[in-house]
Amino acid sequence: MPRYARAEREALADLMLELGPDAPTVNEGWTTRDLAAHLLVRERRPDAAGGILLPPLRGYAEAVRLRVAAGPYADLVARVRRPPVWSPVSNPLTDELANGMEFFIHHEDVRRARPGWHPRDLPAGQQAVLWKRVALLARMALRRFPAEVLVQAPGHGELRVGRGGERLRLVGAPGELVLFLTGRQRVARVQVEGPAGPAERLRAAELGL
């Protein structure tokens with residue numbers, strides 16, 4: 001079985017080391033150091049990882065992340081590269097499911113914050129895996145969006161989401177759709193077709209799970 005999660009993790013760690021701790025990322029206000037600390041909290045601090053998704057725990061999670069980020073940068077990256085086998089999200093049984101999309105996204109967060117970036121030509125198998133994630137992301141992120149959105153990845157499939165009304169068409173490769181639907185619209189290479197008002201609202205919407 002292809003190990004896309006491992007490949008993305010290794011590539012991200014290599015790029016983090018190349019760029020150093022103060023390189024920007026697509027996540028506004030976060031450097032590569034901040035991103036490394038986020039990944040370590042997610043994998044190694046189950047007491048704080050829930051704050052990534054649950055608002056009541058975010059203050060504690062951020063305090064833990066800042067303490068982690070204060071460590072030596074090379075050590076942070078080394079720990080990102082070699083996750084613990086006991087972690088619920090990075091053990092051999094869960095790694096591909098839990099991290100295939102996660103590390104693709106964060107690798108692109110660093111790549112696309114640099115001048116002159118361009119989309120990668122991903123393997124067909126990886127695009128197929130990402131398309132499966134698009135289906136869930138679209139239904140979650142756009143379930144309340146006030147339009148009918150036809151999400152299409154040529155060669156992979158399509159689905160309709162949203163609350164109905166005016167019709168939009170969101171078209172892109174699976175990896176680009178993943179980035180768009182996780183709130184990275186400004187760096188996602190997709191097409192949004194339809195009435196100007198709803199299309200602009202979709203590009204500016206706060207998306208993500």
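Just so it is clear, the structure is predicted and the values come from calculations on it, not from any experiment. FYI, side chains are in, hydrogens and waters are out, and symmetry mates aren't considered; it's all heavy atoms of this structure. Along the sequence shown, residues carry numbers from 1.
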(request) Return the minimal non-hydrogen interatomic distance between F103 and A5, and the atom names on each side. (result) CB-O, 4.3 Å
(message) Do L159 and L177 sit in one hydrophobic cluster, given that two such residues count as connected whenever their side-chain heavy atoms are within less than 4.5 Å of each other, even indirectly?
(response) yes
(request) List the atom of P24, the atom of A113, and the distance in Å for their closest heavy-atom pair. (result) O-CB, 3.4 Å
(request) Return yes if some donor-acceptor pair links the side-chain N/O of D95 with the main-chain N/O of P92 below 3.5 Å, else return no. (result) no
(request) Apply side-chain contact (heavy atoms from CB on, under 4.5 Å) to W117 and V187, showing your working. (result) CA-CA 10 Å; W117 68 268; V187 296; 4.2 Å; yes
(message) Could you measure the distance from the CG atom of L181 to the CD1 atom of I105? Nearest 0.5 Å is fine.
(response) 9.5 Å
(request) Applying salt bridge (charged side-chain N to carboxylate O under 4.0 Å, His left out), name anything that partners R45, two or more places apart in sequence or on another chain. (result) D47
(request) Sequence neighbours left out, what passes salt bridge (charged side-chain N to carboxylate O under 4.0 Å, His left out) with R163? Give chain and number order. (result) none
(request) Answer yes or no: is there a side-chain heavy-atom contact under 4.5 Å between R201 and P195? (result) no
(message) Connecting only ILVMFWY residues whose side-chain heavy atoms lie within less than 4.5 Å of each other, what is the rest of V85's hydrophobic cluster?
(response) none
(request) Answer whether the closest heavy-atom distance between the side chains of V178 and M101 falls below 4.5 Å. (result) yes
(message) Quick one: does any side-chain atom of Y73 pair with a main-chain N or O of R33 as donor and acceptor, under 3.5 Å?
(response) no
(message) So which atom in A128 and which in H156 form the shortest heavy-atom distance, rounded to 0.1 Å?
(response) N-CE1, 3.8 Å
(message) Return the CG to CE distance between L35 and M16, rounded to the nearest 0.5 Å.
(response) 3.5 Å
(message) Test your reading of the model: is there a side-chain donor-acceptor pair from R114 to the backbone of R111, 3.5 Å cut-off?
(response) no
(message) Grouping I, L, V, M, F, W and Y whenever their side-chain heavy atoms are under 4.5 Å apart, do L66 and L40 come out in a common cluster?
(response) no
(message) According to salt bridge (charged side-chain N to carboxylate O under 4.0 Å, His left out), does anything in residues 170-179 pair up with another residue at least two apart or in another chain? List the pairs.
(response) R112-E176
(request) Any pair with a residue in residues 76-90 that passes side-chain hydrogen bond (donor to acceptor under 3.5 Å, both in side chains), sequence neighbours left out, goes on the list, sorted by first then second residue, please. (result) E10-R81, E10-R82, D14-R81, S87-S90
(message) Please tell me whether L137 and V190 are part of a single hydrophobic cluster in this structure, the criterion being side-chain heavy atoms less than 4.5 Å apart.
(response) yes
(message) Using the rule given for side-chain contact (heavy atoms from CB on, under 4.5 Å), can you reason through D34 versus R65, listing the C-alpha separation, both sets of side-chain angles and the distance that settles it, and then say yes or no?
(response) CA-CA 8 Å; D34 293 307; R65 190 190 68 79; 3.1 Å; yes
(message) Please find the pair of heavy atoms, one from L168 and one from G194, that lie closest to each other, and give the distance.
(response) CD2-CA, 3.8 Å
(request) For the pair L142 and L202, evaluate side-chain contact (heavy atoms from CB on, under 4.5 Å) and give the outcome as yes or no after the intermediate values. (result) CA-CA 9 Å; L142 300 178; L202 181 59; 3.7 Å; yes
(request) For the residue pair L122 and F104, establish whether any side-chain heavy-atom pair is separated by less than 4.5 Å. (result) yes
(message) Enumerate the ring pair (Phe, Tyr, Trp, His ring centres under 6.0 Å) contacts for residues 157-193, please, sequence neighbours excluded, ordered by first and then second residue.
(response) none
(message) I need the full list of side-chain hydrogen bond (donor to acceptor under 3.5 Å, both in side chains) pairs touching residues 125-136, with sequence neighbours left out, sorted by first then second residue.
(response) E8-Q126
(request) Enter the distance from L179:CG to L207:CG here, rounded to the nearest 0.5 Å. (result) 12.0 Å
(request) Quick one: list whatever passes ring-ring contact (aromatic ring centres under 6.0 Å, His included) with H38, sequence neighbours left out. (result) W30, H106
(request) Calculate, to the nearest 0.5 Å, the distance between atoms OG1 and CG belonging to T25 and L19 respectively. (result) 11.0 Å
(request) Any pair with a residue in residues 183-196 that passes side-chain hydrogen bond (donor to acceptor under 3.5 Å, both in side chains), sequence neighbours left out, goes on the list, sorted by first then second residue, please. (result) D109-R184, R169-E193, T182-R184
(request) Using the rule that two of Ile, Leu, Val, Met, Phe, Trp, Tyr join whenever any of their side-chain heavy atoms come within less than 4.5 Å, decide whether V149 and V171 are in one cluster. (result) no
(request) Run through the side-chain heavy atoms of Ile, Leu, Val, Met, Phe, Trp and Tyr, join any pair under 4.5 Å, and report what else lands in V89's cluster. (result) none
(message) With clusters defined by side-chain heavy atoms of hydrophobic residues (ILVMFWY) lying less than 4.5 Å apart, directly or transitively, does V64 cluster with L76?
(response) yes
(request) Mind jotting down which residue pairs meet the salt bridge (charged side-chain N to carboxylate O under 4.0 Å, His left out) criterion with at least one end in residues 144-157? Sequence neighbours excluded, please. (result) E148-R160, E148-R167
(request) If you link ILVMFWY side chains whenever their heavy atoms are less than 4.5 Å apart, which other residues fall into the same cluster as L150? By chain and number, please. (result) none
(message) Show the nearest heavy-atom pair for residues P174 and V134, with the distance to one decimal.
(response) O-CG2, 3.6 Å
(request) Kindly determine whether E43 and N99 satisfy side-chain contact (heavy atoms from CB on, under 4.5 Å), including the steps that lead there. (result) CA-CA 10 Å; E43 291 188 328; N99 293 321; 3.9 Å; yes
(request) Locate the shortest heavy-atom distance separating R42 from A98; write the atom from each residue and the value. (result) NH2-O, 2.9 Å
